[in-house]
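Right, one structure below, let's go through it.
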Amino acid sequence: MKLDRLIGILSVLLQRDKITTAELAEKFEVSRRTIIRDIEAINTAGIPIVSEKGHGGGIYIMSGYKLDRTVLSREDMKSILAGLQSLDSVSGTNQYRQLMSKISSNSQNMNKSVGNIIIDLANWDKTGLSEKIELIKSAMESGETIAFSYYAPNGDSKREIEPYHLIFQWSGWYVWGYCLMRNDYRMFKLSRLAELKRTGRIREKREVPEYVCDKFYHTETEIQATVRFDKSVRWRLADEFGGGSLIVHKNGDVERTFTWSDLPSFFQYVLTFGDKAEIISPKKYREEYKELVKKIYEKY
C-alpha cells in the first residue's frame, strides 16, 4: 500500500500548488507522521518537495523543478475514473472509486462528469464472479497457484495453474496462466470454474511469455470451416468480428472462414444463428453438423 500512497501523493502534488500534511493524512487515512515519512521517501527518489511552516504553509514541488504537471490531465483522470468505476462492477465494492478519490484533488467534480458513463463488466452472477476475481488477484499477489474444476466441451477436469493475468475479453472474464497438467500456458473462463481455491503452493520461477490476444487460438485441436450467413444477421457478425473480415455476396448474404478451438463448441456457435447459418466447407463438418441437427429434430 505504501507505493500506491506515494503515487497518490505525487499525483495530488502535480494537481495542487500547495497542500498541508494534515490534508494528505486525512485523504489517505494515515497519520501525519506517516505522510512526513512518505514525503522524505519522495525526496530521496529525487523529486524535491518544499515544506513551508506557519499560516498559509504547506508542501509543494520545488518551483522550477521540471516535472511535467500534465502527466495526468483532467481528461486523463476522467478516463481513469471511468475505468476504475467499471472494475467496481465486479469487485462488489467501491474500492476503486475510493482509490481514485484519494488520488484526485478534483474527484468530486470528476465523479459528476463521468456519472453518465456506465461500464458494467460483471455477468449476471455478480457475487460469484467477484469472489473468484478477488481470490485469483490475491493468489497472484502472493505468488500462489490456484486449483479448480473446469467444465469444457471436451470434458470436465481438475486443474492447477500458476495465474498471471486476469482478462476481460470476448464479453467474459478469463484467467491466463501456466497449467501444471498441460505443461503449457492456457486460458480459462471464470464462469466455468468450480471449487476454486488457493493451494498455498508457491509457483515456479519461470520466464513468462507476453500474453497475446488471439480470439481463436486455444489448443492444438483447432479447426477451420467456412459458414454462409443470411444478410439479416450481418449486424451480429460485424459486432463480433468486424465488418472487414466478411465476404459480402450480391444478395447481401455474408460468408466467413473461422478458426475455432474445437468442433463441438463451433457447432454450438453456429446453432445460435438457427436457420440463418449454413456450413459451406469442409464437407465433413457439413455432414456432421447435419447429423447433429437431425438428432435435435428427433427430440421434438
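Worth knowing before you read on, the calculation uses all heavy atoms, side chains too, and leaves out hydrogens, waters and symmetry mates. Numbers here simply count residues along the sequence, with the first being 1.
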Check: Hey, are Ser31 and Arg33 close enough side-chain-wise for a donor-acceptor pair under 3.5 Å?
Finding: no

Margin query: Tell me whether Met181 shares a hydrophobic cluster with Val175, the cluster being built from Ile, Leu, Val, Met, Phe, Trp, Tyr side chains joined at under 4.5 Å.
Written below: no

Item checked: Separation of Arg228 CZ from His249 NE2 (nearest 0.5 Å) -> 4.0 Å

Notebook entry, point to check: Between CD1 of Ile279 and CZ of Arg286, what distance do you get to the nearest 0.5 Å?
Noted result: 8.5 Å

Item checked: Heavy-atom closest contact (Arg186 atom, Cys179 atom, distance) -> CG-CB, 4.1 Å

Margin query: To the closest 0.5 Å, what do you measure between CG (Asp156) and OG (Ser149)?
Written below: 8.0 Å

Margin query: On a heavy-atom basis, which atom in Arg256 and which in Leu246 lie closest, and how many Å separate them?
Written below: CD-CD2, 3.9 Å

Notebook entry, point to check: Mind checking whether Ile280 and Glu278 have side chains closer than 4.5 Å, heavy atoms only?
Noted result: yes

Check: So do Trp173 and Ser191 actually touch side chain to side chain, heavy atoms under 4.5 Å?
Finding: no

Notebook entry, point to check: Counting only N and O atoms by type, is there a donor-acceptor contact under 3.5 Å from the side chain of Tyr151 to the main-chain atoms of Ala194?
Noted result: no

Checklist line | CZ on Arg37 to CZ on Arg32, rounded to 0.5 Å | finding: 13.5 Å

Note to self: How close do Ile202 and Ser142 get, counting heavy atoms only, and between which atoms?
What the structure shows: CD1-O, 3.8 Å

Note to self: Using only atom types and a distance under 3.5 Å, with no angle test, would you say the side chain of Lys231 pairs donor to acceptor with the backbone of Val254?
What the structure shows: no

Next item on the list: Verify side-chain contact (heavy atoms from CB on, under 4.5 Å) between Ile59 and Val50, making sure each step is shown before the conclusion.
Entry: CA-CA 5 Å; Ile59 59 174; Val50 177; over 6 Å; no

Item checked: Row check, Phe229 ring normal vs Arg234 NZ/CZ: under 6.0 Å, within 45° -> no

Note to self: Quick check: is Phe28 connected to Ile36 through a chain of hydrophobic side chains (ILVMFWY, heavy atoms under 4.5 Å apart)?
What the structure shows: no

Note to self: Counting the benzene-type ring for Trp, do Phe266 and Tyr285 have ring centres under 6.0 Å apart?
What the structure shows: no

Note to self: If the threshold is 4.0 Å, N to carboxylate O, is there a salt bridge linking Lys137 and Glu134?
What the structure shows: yes

Notebook entry, point to check: Which atoms form the tightest heavy-atom contact between Gly200 and Glu144, and what is the distance?
Noted result: N-OE1, 2.9 Å

Check: With a 4.5 Å limit on heavy-atom distance, are the side chains of Phe148 and Leu190 in contact?
Finding: no

Checklist line | Trp176 and Val208, any side-chain heavy atoms less than 4.5 Å apart | finding: yes

Checklist line | Main-chain N/O of Asp230 paired to Asp253 side chain as donor or acceptor, under 3.5 Å | finding: no

Next item on the list: Run the numbers on Met187 and Ile167 for side-chain contact (heavy atoms from CB on, under 4.5 Å), then give the verdict.
Entry: CA-CA 9 Å; Met187 185 118 87; Ile167 301 162; 3.8 Å; yes

Notebook entry, point to check: Is there side-chain contact between Leu263 and Glu288, with at least one heavy-atom pair below 4.5 Å?
Noted result: yes

Next item on the list: Would you kindly say whether Glu23 and Thr20 are connected by a side-chain donor-acceptor distance under 3.5 Å?
Entry: yes

Next item on the list: Return the minimal non-hydrogen interatomic distance between Val227 and Ala277, and the atom names on each side.
Entry: CG1-CB, 4.1 Å

Margin query: Would you say that Leu271 contacts Ile296 through its side chain, given a criterion of any heavy-atom pair below 4.5 Å between the two side chains?
Written below: yes

Notebook entry, point to check: Of Arg201, Arg203, Arg206, which meets side-chain hydrogen bond (donor to acceptor under 3.5 Å, both in side chains) against Glu162?
Noted result: Arg206

Checklist line | Thr272/Arg236 under side-chain hydrogen bond (donor to acceptor under 3.5 Å, both in side chains): CA gap, chis, key distance, verdict | finding: CA-CA 11 Å; Thr272 64; Arg236 177 177 162 187; 2.8 Å; yes

Next item on the list: Look up atom OH in Tyr164 and atom CE in Met140, then write down how far apart they are to the nearest 0.5 Å.
Entry: 11.5 Å

Item checked: Smallest separation among heavy atoms of Tyr185 and Glu207, with atom names -> OH-O, 3.7 Å

Margin query: With a 4.5 Å cut-off on side-chain heavy atoms, are Leu24 and Asp38 touching?
Written below: no

Checklist line | Tyr60 and Glu52, any side-chain heavy atoms less than 4.5 Å apart | finding: yes

Check: In Å and rounded to the nearest 0.5 Å, what is the CD1 to CH2 distance from Ile223 to Trp260?
Finding: 8.5 Å

Next item on the list: Sort out for me which residue in Asn183, Thr145, Ile161 forms a side-chain contact (heavy atoms from CB on, under 4.5 Å) with Tyr178.
Entry: Asn183

Next item on the list: Check the pair Glu287, Lys290 against salt bridge (Lys or Arg N to Asp or Glu O under 4.0 Å), reporting the backbone distance first and the verdict last.
Entry: CA-CA 5 Å; Glu287 292 300 320; Lys290 183 167 72 172; 3.5 Å; yes

